[in-house]
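Source: prediction; values computed, not measured.
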Amino acid sequence: MAKEKTTKKDVVKVDTSILRNPRITEKAAKVQSHNAYLFDVSPSTTKSEIAKAFVKQYKHKPLKINTVMQKPKSSFKKGILSFGPRGKKAYVYLPKGKTIDIM
């Protein structure tokens, strides 16, 4: 009844909630014509985590992934400066001929 020792390398954790939702905007539609898809992701994720989650969810391996940190929106309320939440978006590029169904 000895427990097997597992290391951090053995455990691969892929969370499908990394890709929060696809962005449906005019800019996303324009980028989609170049086989790129735009997703909202959590700010602490890395490109490799995004790629693993994308493969698990959509069954296609991306060519490359670009990420962009979004600035928080600022506002004044009663003379006090406040900021909204930060965000991160990911551009996921697929090979020619590969498409995914977003809606």
>> Ignoring hydrogens, what is the shortest heavy-atom contact between P43 and R86? Give both atom names and the distance.
In response: CG-O, 4.3 Å

> Do the side chains of I65 and V68 join up, straight or via other hydrophobic residues, at under 4.5 Å, putting them in one cluster?
Replying inline: no

>> Check whether K88 reaches the backbone of T45 with its side chain - one donor and one acceptor, N or O, closer than 3.5 Å.
In response: yes

> What closest approach, in Å, do P22 and F39 show between heavy atoms, and which atom pair accounts for it?
Replying inline: CA-CD2, 3.7 Å

>> Between L94 and T99, does the side-chain contact (heavy atoms from CB on, under 4.5 Å) criterion hold? Intermediate values first, please.
In response: CA-CA 7 Å; L94 293 178; T99 59; 5.9 Å; no

> Would you say the side-chain atoms of N35 pair up with the backbone N or O of P95, donor to acceptor, closer than 3.5 Å?
Replying inline: yes

> Rounded to the nearest 0.5 Å, how far does NE2 of H34 lie from OH of Y91?
Replying inline: 11.5 Å

> Looking at residues at least two apart in the chain, or sitting in another chain, which of them share a side-chain hydrogen bond (donor to acceptor under 3.5 Å, both in side chains) with S82?
Replying inline: S75

>> I need the minimum non-hydrogen distance between Y37 and K98, along with the two atoms involved.
In response: OH-O, 4.5 Å

>> Side-chain heavy atoms nearer than 4.5 Å, only ILVMFWY residues, links allowed to pass through others: does that put I100 and V92 together?
In response: yes

> At what distance, to the nearest 0.5 angstrom, does NZ of K89 lie from CG of N66?
Replying inline: 11.5 Å

> Can you tell me how far the NZ atom of K61 sits from the NZ atom of K59, to the nearest 0.5 Å?
Replying inline: 15.5 Å

> If you round to the nearest 0.5 Å, how far is CD1 of I80 from NZ of K78?
Replying inline: 8.5 Å

>> Minimum heavy-atom separation for G84 and P72, please, with both atom names.
In response: O-CB, 3.2 Å

> Would L19 and V41 count as a side-chain contact (heavy atoms from CB on, under 4.5 Å) if you check the C-alpha gap in whole Å, the side-chain angles of each, and the deciding distance to 0.1 Å?
Replying inline: CA-CA 5 Å; L19 299 173; V41 294; 3.9 Å; yes

> Between F54 and Y58, what is the ring plane arrangement, given parallel below 30°, perpendicular above 60°, and tilted in between?
Replying inline: tilted

> Between atom CD1 of I24 and atom CD of Q32, what is the distance when rounded to the nearest 0.5 Å?
Replying inline: 7.5 Å

>> A side-chain contact here means heavy atoms from C-beta on lying under 4.5 Å apart; do V31 and L38 qualify?
In response: no

